Amino acid sequence: MDKFQTFTGIAAPMPAQNIDTDKVIPARFLKTIERKGLGKHLFNDMRYNSDGSENEDFILNKAAYRGAEVLVVGNNFGCGSSREHAPWALNDYGVKCLIGTDFADIFFNNSFKNGMLLIKLPKEVIDELMGDAKLGANARLTVNLEDQTITRPNGEVVKFDVDPFKKHCLLNGLDDIGLTMANKSEIDGFEGKDDGSRPWMPKIQLTD
Amino acid sequence: MAKPRTLFDKIWENHVVRTEDDGTALIYIDLHLTHEVTSPQAFAGLRAAGRKLRRPDRTIAVADHNVPTTDRSKGIEDPESKLQVETLESNVKEFGVPYIPVDDIRQGIVHIIGPEQGLTQPGMTVVCGDSHTSTHGAFGALAFGIGTSEVEHVFATQSLVQKPAKNMRITVKGTPPEGTTAKDLILAIIGKIGTAGGTGHVIEYAGDAIKNLSMEGRMTVCNMSIEAGARAGLIAPDETTFEYLKGKPYSPKAGQWEQAVSYWSSLPSDDGATYDKEVELDATKIEPYVTWGTSPQDALPISAMVPKPEEFDDEGRQAGVARSLEYMGLTGGMPITDIKVDTVFIGSCTNGRLEDFRAAAAIAKGHKVAAGVRALAVPGSGLVKEAAEAEGLDKILTEAGFEWREPGCSMCLAMNADKLRPGERSASTSNRNFEGRQGPGGRTHLVSPAMAAAAAIKGHLADVREFLK
């Protein structure tokens, strides 16, 4: 995983509430066995007309927002399916950061595991950032994870909270499987104890 | 005296392997279910890192999303679907994962087969790369959906890094009126608390209306916890749970059964346990429900009118409602029962169990599906199909004009050939009415199996109570 670095990027406004992961990437594009290449289908059914041409009303098809790296979103973004294809598609498109009042739990976790930063802020602040985003390509946001700040186009600095463990993983590009494997002896210990206390637990073996 | 604990607190504490200073915990996972859509990249990750699967004996794999529900002897036509299923088959071989093949009688939707095989048990932690893993909470198991990176994490370590969830209790009091089913209860709950109402929480469902449900009904309720944004749903294990588990292939065997039941009986929330959030509903006032919009929270009694955007306070919500009505091709103010349907789908991990087909057949018996309506009945597993056929439910449904299909996820998310065409409208017993969920441009109304059967016969969304008179 790449390390998360401070960047200044275009922010696209997506104020609609409850944008579900089926909207981010419809189920028919989940038939891939790869993580890469989903960016072209990001927001597919909003982004393209049924004949495959671009829907010019869709925000990321507007000249000012092509190549947006930040999305300022409405509440409960990422609800629904647990598909990690949603953050993969966002990532593949080039989105590095989403900012909103709240996010669906599974999507929130999945995004961090792919090196993306999701920032939760109060509604008044989101309204201001949404206003910034509506200014288009001239209004870029600077996202600094180390300092936990967003710098607005007017120079104002907004502080944000982030889980310290998630921050550590993002800044250092760590995948947490390696970290957990370092605690292998504790997992062994748990299993040893548990085999004694819950001896009825299933041991799955399908042979017939 | 120790602080009273909730069912969630107990399961959580029983699974903590280690805790960091900030409260982040490594929790042990008892059962990992896996399917073809969210596992290939996780297996590839293991392979790339040279890692093994830690507990194949606590992992089970099945293909369900992509499988055809028509004649399977021809294999899968769609090359991408085919590749995904074949990839699962080669991965389970390479990593030694127990696998239920597509032509096995036990094959079915992953959330149907876990309980059916007795794998899902009270007090367990259960995960799957699928948000409807919440289904298994019906057994008093902490069960939640995870992404593919976490699937890989569980493959390698049989554990997950998690922060504890908050506790929420939803109490549904009283006895629901005739015609109101588990599906109607959960739609009413989501309609009340909203699609983000459970975010960050594990919901414990309580009250007489929940306690009196069968295991199948409890699974329907817990299944849709994710549609309320919750991390998981839970129902306290009791005699109904134990009775269901008795004699299932992987249930505790004689000699260990009593020990297991004694442990399971210690799990329900203690008297005086506190919750971060409490909600109450009166079951006696819950009518058969239906969704009108493109979010599961867009739920109303069948007797209601389609709402108008201006009936909502919040500006963002008004915009959402206007967009939903446009997508759904509906006008605010029209009676919901005036909405005509083209397709009826009975199945999915929400409502694809034996009881669901019994309910549908009870309504369909002696009637005919309305002209021009395509009606699909898709059992959740091969064993559900077999049991339904043994009772003659397939005959009743096919005589009424339903198609009786092979098991799988099918039109719930349209990854196989079963999908709506643009503009087509369904009454569906599945769990999501999102835009395009059942096919691009398709329009979905979520209902119970009995309500779906009523809609099939009438050709429009209909009040099942008219059939009960």
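All chains are named by letter (A, B, ...) in the order of the sequence lines, taking the proteins before the strands, and each is independently numbered beginning at 1. Because the structure is predicted, anything quoted here is derived from the model rather than measured.
- Atom CG of Leu121(A) is separated from atom CD of Glu128(A) by 10.5 Å, given to the nearest 0.5 angstrom.
- Residue contact with chain A, scored on non-hydrogen atoms closer than 4.5 Å, involves the backbone of Ile146(B) exclusively.
- Only the backbone of Thr59(B) has a heavy atom closer than 4.5 Å to any heavy atom of chain A.
- Using a 4.5 Å cut-off between heavy atoms, Ala44(B) makes no contact with chain A at all.
- Looking at Leu26(B), only its side chain comes within 4.5 Å of chain A, counting heavy atoms on both sides.
- Interatomic distance, His35(B) NE2 to Leu88(B) CG, rounded to the nearest 0.5 Å: 10.0 Å.
- Residue His132(B): no heavy atom, backbone or side chain, is found under 4.5 Å from chain A.
- Distance alone, capped at 3.5 Å, places no donor-acceptor pair between the Asn55(A) side chain and the Asn49(A) backbone.
- For residues 91-101 of chain A, the pairs satisfying side-chain hydrogen bond (donor to acceptor under 3.5 Å, both in side chains) are Glu69(A)-Lys96(A), with sequence neighbours left out.
- Using a 4.5 Å cut-off between heavy atoms, Gln297(B) contacts chain A through its side chain alone, with no backbone atom that close.
- Of the two parts of Val16(B), only the backbone, made up of N, CA, C and O, holds a non-hydrogen atom closer than 4.5 Å to a non-hydrogen atom of chain A.
- Between Met124(B) atom CE and Met201(A) atom CE the span is 4.0 Å, to the nearest 0.5 Å.
- Of the two parts of Arg58(B), the backbone and the side chain both hold a non-hydrogen atom closer than 4.5 Å to a non-hydrogen atom of chain A.
- A donor-acceptor pair under 3.5 Å links the side-chain atoms of Thr125(B) to the main chain of Asp30(B), judged by distance alone.
- A donor-acceptor pair under 3.5 Å links the side-chain atoms of Arg437(B) to the main chain of Cys412(B), judged by distance alone.
- Between chain B and the options Ile187(A), Asp175(A), Asp45(A), Ile106(A), the largest number of non-hydrogen pairs under 4.5 Å is found for Ile187(A).
- Here the closest non-hydrogen pair linking Gly78(A) and Ala104(A) is O-CB, 3.2 Å.
- Contact of Leu160(B) with chain A is not made at all, since no heavy-atom distance falls under 4.5 Å.
- Screening residues 253-264 of chain B for side-chain hydrogen bond (donor to acceptor under 3.5 Å, both in side chains) gives Asn14(B)-Tyr263(B) as the qualifying pairs, with residues at least two apart or on separate chains.
- Ala319(B) does not touch chain A: none of its heavy atoms, backbone or side chain, sits under 4.5 Å away.
- Contacts of Lys419(B) with chain A are absent, with no heavy-atom separation under 4.5 Å from either backbone or side chain.
- For Tyr99(B), the part lying near chain A is the backbone, with the side chain staying farther off; criterion is any non-hydrogen pair under 4.5 Å.
- Using the six-membered ring where Trp is involved, Phe43(A) and Phe58(A) have ring planes that are tilted, between 30° and 60° apart.
- Among the candidates Arg47(A), Lys40(A), Arg66(A), the single residue satisfying the salt bridge (Lys or Arg N to Asp or Glu O under 4.0 Å) test with Glu54(A) is Arg66(A).
- Heavy atoms closer than 4.5 Å to chain A are found in both the backbone and the side chain of Val17(B).
- Not a single side chain to side chain donor-acceptor pair (under 3.5 Å) links Gln121(B) to another residue, sequence neighbours left out.
- Within residues 16-31 of chain A, the residues having any heavy atom less than 4.5 Å from a heavy atom of chain B are, in residue-number order, Gln17(A), Asn18(A), Asp20(A), Asp22(A), Lys23(A), Ala27(A), Arg28(A), Leu30(A), Lys31(A).
- The CZ atom of Phe4(A) sits 8.5 Å away from atom CG of Leu171(A), with the distance rounded to the nearest 0.5 Å.
- Only the side chain of Thr87(B) comes within contact range of chain A, with at least one heavy atom under 4.5 Å from a heavy atom of that chain.
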